[in-house]
Engineer: 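Structure below; questions to follow.
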There are 2 protein chains.
Amino acid sequence: MESVLGEAVALLDEAGAPALTFRALAQRLGGGVASIYWYVANKDELLDLATDHVMGGVLADLEKLPPSEDPIDDLRAMAVTLFEAVVHRPWLGAYFMRNTDVQSNSLRIYDLLGRQTLRLDLTARQRFHAVSAVVGVVVGSAVDMGQEPPQEVLDGAVDRDAFLGRFARTWRELAPEEFPFVHEIVDEFDGHDDVDQFRSALDLTLAGLRLQAGR
Amino acid sequence: MESVLGEAVALLDEAGAPALTFRALAQRLGGGVASIYWYVANKDELLDLATDHVMGGVLADLEKLPPSEDPIDDLRAMAVTLFEAVVHRPWLGAYFMRNTDVQSNSLRIYDLLGRQTLRLDLTARQRFHAVSAVVGVVVGSAVDMGQEPPQEVLDGAVDRDAFLGRFARTWRELAPEEFPFVHEIVDEFDGHDDVDQFRSALDLTLAGLRLQAGR
DNA sequence: ACCTGAACACCGTTCAAGT
DNA sequence: ACCTGAACACCGTTCAAGT
């Protein structure tokens with residue numbers, strides 16, 4: 001069982017979500033295709049379990065984080081750690097927290113994040129929404145950034161900067177009256193850092209939360 | 001071409017992403033499977049174009065929105081409109097803004113949102129990040145909410161409240177010392193409104209943005 | 001320019017049968 | 001309890017051939 005999930009994650013990490021097929025997995029395990037069905041009910045459950053397998057490691061990282069006196073700073077540090085785990089595994093975003101019956105590590109992570117909001121002066125509903133928002137920023141950013149490479153980047157034929165640059169060039173050719181905002185930000189878009197973009201989105205949410213909690 | 005995209009969207013709306021196959025689409029169009037390849041290069045492009053087809057309607061809705069004197073309120077109204085279009089079409093979240101060469105309506109929507117930030121005292125980079133954050137909240141929330149129903153809900157065998165209630169029951173049985181946050185919010189989670197959750201996440205981001213823009 | 005049938009190489013899943 | 005080969009019903013995509 002352990003090795004099934006280990007190989008599944010390895011396959012996903014090496015070549016992305018489409019690479020995880022029962023046939024490829026069986027071959028790496030040196031067994032038959034149908035054997036996997038003794039461990040998991042179907043592919044969805046395989047992905048759920050693979051996700052939770054990875055989350056076990058993330059949970060350990062999160063627990064190692066030193067607490068500070070500011071719950072919002074702690075929440076930020078945890079969100080960044082979670083992001084770093086998810087961003088290189090875009091397949092994960094779609095499954096994280098999808099089925100907490102099967103994903104016990106994911107639920108523990110959710111609880112760990114949420115505990116920081118218990119230190120803030122908020123209603124239960126505000127706490128629930130705050131953690132949903134933070135998880136949303138993490139998963140949303142990571143999935144968005146992970147799906148970006150359209151094949152050529154994965155192949156190494158075109159690097160990310162060249163990929164962004166090609167869009168930037170097209171955007172610069174648009175009529176400025178029709179696309180004033182695109183022109184305003186095209187230089188920022190060109191060669192932008194994904195982590196910066198994530199941190200900004202996270203900081204906006206956390207600034208809003210700080211305001212709401214009155215501190 | 002128009003009818004290819006129309007039927008593709010109809011298929012997606014009626015039965016979700018897995019229902020869109022070239023064979024099903026060809027049957028509805030009363031033609032052969034291979035014919036579709038005269039209009040689109042592959043399935044990814046079909047999804048890109050179907051997304052932009054829908055976005056044409058959303059763009060029209062956005063342009064009808066009455067402007068106010070507060071750019072952040074306008075941004076909120078636009079985000080809500082976009083959300084309402086995406087939430088019932090979760091397949092869309094994965095494709096929106098994915099390839100702006102093919103998705104001209106999506107790019108127009110992006111520009112329309114961004115124009116509101118031009119009315120705020122921000123740097124170009126802050127504007128770029130702000131719009132990314134808002135789009136992230138919309139798409140992230142919508143995808144998260146859209147993927148929720150695990151089949152039984154779609155079948156109508158179990159409604160959403162019962163589905164949430166089943167998780168809530170499991171959560172209530174967890175040890176409170178181990179999952180203090182889960183216990184804190186389980187009543188909020190049980191039967192919660194997706195739209196509330198989205199609006200809260202959006203409001204946190206916009207509150208942070210308002211602070212950043214100094215108004 | 002537009003459409004087609006038939007084939008190809010793949011999927012996830014099942015099932016009767018083995019140890 | 002654990003594994004298997006072979007089959008089933010599907011996919012996206014291609015291609016030579018038609019109008």
Engineer: Give, for atom CD of B/E2 and atom NE2 of B/H53, the distance between the pair rounded to the nearest 0.5 Å.
Structural biologist: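 These two atoms lie 5.0 Å from each other.
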Engineer: Between A/D52 and A/Y95, is there a side-chain donor-acceptor contact under 3.5 Å, judged purely by atom types and distance?
Structural biologist: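 The criterion, which ignores hydrogens and geometry beyond distance, is not satisfied for A/D52 and A/Y95.
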Engineer: Specify the separation, in whole Å, of atom OH of A/Y39 and atom P of D/dC2.
Structural biologist: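 It is 6 Å, rounded to the nearest whole Å.
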Engineer: Working note: B/R115 + B/D111, criterion side chain to side chain contact (heavy atoms under 4.5 Å, CB included); need CA distance, chi angles, decisive distance, verdict.
Structural biologist: CA-CA 6 Å; B/R115 251 175 254 181; B/D111 194 86; 2.9 Å; yes
Engineer: Under the 3.5 angstrom rule, does the side chain of A/E188 hit a backbone N or O of A/I185 as a donor-acceptor pair?
Structural biologist: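 Pair absent, no side-chain N/O of A/E188 close to backbone of A/I185.
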Engineer: For nucleotides D/dA17 and C/dC2, find the distance between their P atoms and express it as a whole number of Å.
Structural biologist: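 It works out to 22 Å between them.
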Engineer: Among residues 1-13 of chain B, which residues get a heavy atom nearer than 4.0 Å to DNA chain D?
Structural biologist: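 Close to the strand, none.
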Engineer: Take nucleotides 6-19 of chain D nucleotide by nucleotide from the 5' end and write B, S or -, depending on whether a protein heavy atom sits under 4.0 Å from the base, only from the sugar-phosphate, or from neither.
Structural biologist: -B---BBBBB----
Engineer: To the nearest 0.5 Å, what is the distance between CD (B/Q197) and CZ (A/R125)?
Structural biologist: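 One gets 10.5 Å once the value is rounded to the nearest 0.5 Å.
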Engineer: In sequence, state the C-alpha distance, the side-chain angles, and the governing distance for B/L75 and B/L209, and then conclude on side chain to side chain contact (heavy atoms under 4.5 Å, CB included).
Structural biologist: CA-CA 11 Å; B/L75 201 47; B/L209 182 62; 3.9 Å; yes
Engineer: Name all stems that contain residues of DNA chain C, defined as runs of 3 or more consecutive Watson-Crick or G-U wobble pairs, both distances under 3.5 Å.
Structural biologist: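 If one scans DNA chain C for consecutive Watson-Crick or G-U pairs, the stems found are C:4-8 with D:12-16, C:12-16 with D:4-8.
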Engineer: Rounded to the nearest 0.5 Å, what's the gap from CZ on A/R89 to CD on A/E84? Could you check?
Structural biologist: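 Going from the CZ atom of A/R89 to the CD atom of A/E84 covers 12.5 Å.
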Engineer: Within the structure, does a side-chain N or O atom of B/S35 lie under 4.0 Å from either OP1 or OP2 of C/dT4?
Structural biologist: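 Indeed, a polar side-chain atom of B/S35 lies that close.
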Engineer: Looking at B/H183 and B/L174, would you say the former's side chain and the latter's main chain have a donor-acceptor pair under 3.5 Å?
Structural biologist: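 Indeed, once roles are kept as given, a pair shorter than 3.5 Å links the two residues.
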Engineer: Give a yes or no answer on whether the side chain of B/T117 reaches the backbone of B/L113 with a donor-acceptor pair at less than 3.5 Å.
Structural biologist: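 Checking the backbone N and O of B/L113 against the side chain of B/T117, no donor-acceptor pair under 3.5 Å is found.
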Engineer: A/F189 vs A/H192 aromatic rings, parallel, tilted or perpendicular, using cut-offs 30° and 60°?
Structural biologist: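 The arrangement is tilted - the two ring planes meet at 30° to 60°.
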